[in-house]
Amino acid sequence: MKIGILGGGQLGRMLIQEALKYDDEFYTLDPASDAPCHMISYFTQGSFNDYETVLNFGQDKDVVTIEIEHVNADALSELENRGVKVVPNAKIVKTIQQKILQKEFYKAHDIPSPDFQAIWNHDEEITIPLPFVQKMNTGGYDGKGVQLIKNEADLQNVWKEASVIENLVDIEKELSVIVARNESGETKAFPVTEMVADPKLNLLDFNICPVLLDEEVEQQIHSITEKFLNAINSPGLFAIELFLDKKGKVWVNETAPRLHNSGHQSQEGNANSQFEQMYRVVKNLPLADTDAIIYSGMLNLVGSEGYTGKVIYKGMEEVMKLPETYIHLYGKTETKPGRKMGHINVLAESREELMEKLVKVKEMVRVIAE
Ligand code: ADP
């Protein structure tokens with residue numbers, strides 16, 4: 001089967017890496033000539049935001065999927081009209097692309113998400129009480145496009161663009177659950193993972209699995225995933241990012257219609273990875289079993305501050321000497337501050353042991369430049 005992927009980044013790369021054990025042809029489209037997928041797939045250099053480029057890329061494929069959501073969704077609709085299978089479908093991609101539509105979708109389907117006000121026109125009066133969070137309607141990524149407005153003085157910083165103004169949640173834990181649905185309607189969720197964010201960069205730091213949660217909290221998450229999977233009306237793999245607040249209530253922060261950084265530990269920690277699951281979704285195959293085998297965790301390898309240029313992974317050979325520690329690099333030759341260059345997965349017998357190992361590995365390795 002000819003499988004086309006919009007985006008040629010690390011998510012696509014790891015999908016292809018997993019799926020090469022089956023018999024398919026992978027095609028990728030990315031604006032960067034040295035994108036992580038360029039040497040492991042039939043690669044087209046071009047913009048996944050451009051209508052004609054996406055149409056030309058997709059029209060001779062059996063199925064087109066995405067590894068980034070900021071793609072031209074009108075072109076996806078047109079591909080659907082022309083009989084190309086698109087996973088996830090254009091409609092859900094369009095909804096998720098815009099924070100306002102995404103929030104309205106949760107509201108319409110009774111999925112708990114922080115109260116919000118949609119701001120289309122920046123002259124509108126803000127009715128959500130301070131402190132609040134502002135999120136750009138489009139273009140937000142990796143914590144950019146999100147800001148906290150704490151007090152009256154901060155009000156002058158409010159972005160004058162289409163955005164969502166959202167109640168601030170008193171966060172106890174940030175959780176994520178990856179769910180999948182195939183065309184036949186079969187659904188499956190991965191065990192919940194917990195994200196521990198770096199307060200400075202807002203980039204995911206550690207991600208660990210499984211998380212011990214009260215049965216009542218598990219129940220809320222189960223209800224959210226069920227409602228979500230019933231509402232989307234599309235095959236796909238989705239990462240639902242959740243907040244557990246200090247009172248024990250679960251809220252949906254946002255959803256990504258694709259593979260996700262919070263699922264990387266599944267590569268060694270679960271019976272099957274999110275990449276295996278995505279492959280099965282794309283081909284409408286029976287969904288894979290997702291059980292956690294053991295405690296697992298992931299840390300991102302992110303370009304250090306102050307280094308730009310040809311990448312060096314300092315301390316990597318020491319990391320390789322550790323048992324149950326797995327390095328995944330994304331094939332990016334140039335590092336810059338904050339750039340995701342790879343990740344390391346670690347397995348352990350307990351949560352305590354896992355945290356110790358993750359902290360140790362984090363201290364051993366640094367992403368710098370020549
Ligand atoms: P991105 O998609 O760029 O990662 P998010 O919407 O996930 O943006 O927001 C980034 C971070 O900001 C979240 O991980 C969380 O820590 C914080 N945040 C976002 N929305 C809220 C909220 N309503 N209340 C409290 N913190 C929030």
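Keep in mind the model is a prediction, meaning the values are calculated, not measured. First listed ligand is number 1; within each ligand, the first listed atom is number 1. Both backbone and side-chain heavy atoms feed into the values below; hydrogens, waters and symmetry mates do not.
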Between E324 and K357, is there a salt bridge with N-O shorter than 4.0 Å? yes
Does NZ or CZ of K61 come closer than 6.0 Å to the centre of the six-membered ring of F57, within 45° of the ring's axis? yes
When you measure from the side chain of T53 to the backbone of N49, do you find a donor-acceptor pair of N or O atoms at a distance under 3.5 Å? no
How does N253 reach ligand 1, if at all, at less than 4.0 Å between non-hydrogen atoms: by side chain, backbone, both, or neither? side chain
Subset of ligand 1 atoms that lie under 4.0 Å from at least one heavy atom of E254: 1 (P), 2 (O), 4 (O), 5 (P), 6 (O), 7 (O), 8 (O)
Ring centres under 6.0 Å, that's the criterion: do H70 and F48 meet it? no
Short side-chain to backbone donor-acceptor contact, K103 and P114, under 3.5 Å: yes
If you count the atoms of ligand 1 from 1 in the order shown, which ones are under 4.0 Å from a heavy atom of E166? 20 (N), 21 (C), 22 (C), 23 (N)
Sub-4.0 Å heavy-atom approach of F132 to ligand 1: no
Heavy-atom count check: over 12 atoms from other residues, nucleotides or ligands less than 6.0 Å from K336 NZ? no
Logged contact type for E241 with ligand 1, heavy-atom cut-off 4.0 Å, is side chain
Enumerate the atoms of ligand 1 whose separation from the nearest heavy atom of I171 is less than 4.0 angstrom. 25 (C), 26 (N)
Would a distance-only check, ignoring hydrogens and angles, find a side-chain to backbone donor-acceptor pair under 3.5 Å from R280 to P286? yes
Looking only at non-hydrogen atoms, the one of K135, E174, Q147 nearest atom 20 (N) of ligand 1 is K135
Within the 4.0 Å heavy-atom cut-off, what L168 brings close to ligand 1 is both
If we set the cut-off at 4.0 Å for heavy atoms, which region of V169 has an atom near ligand 1: side chain, backbone, both, or neither? both
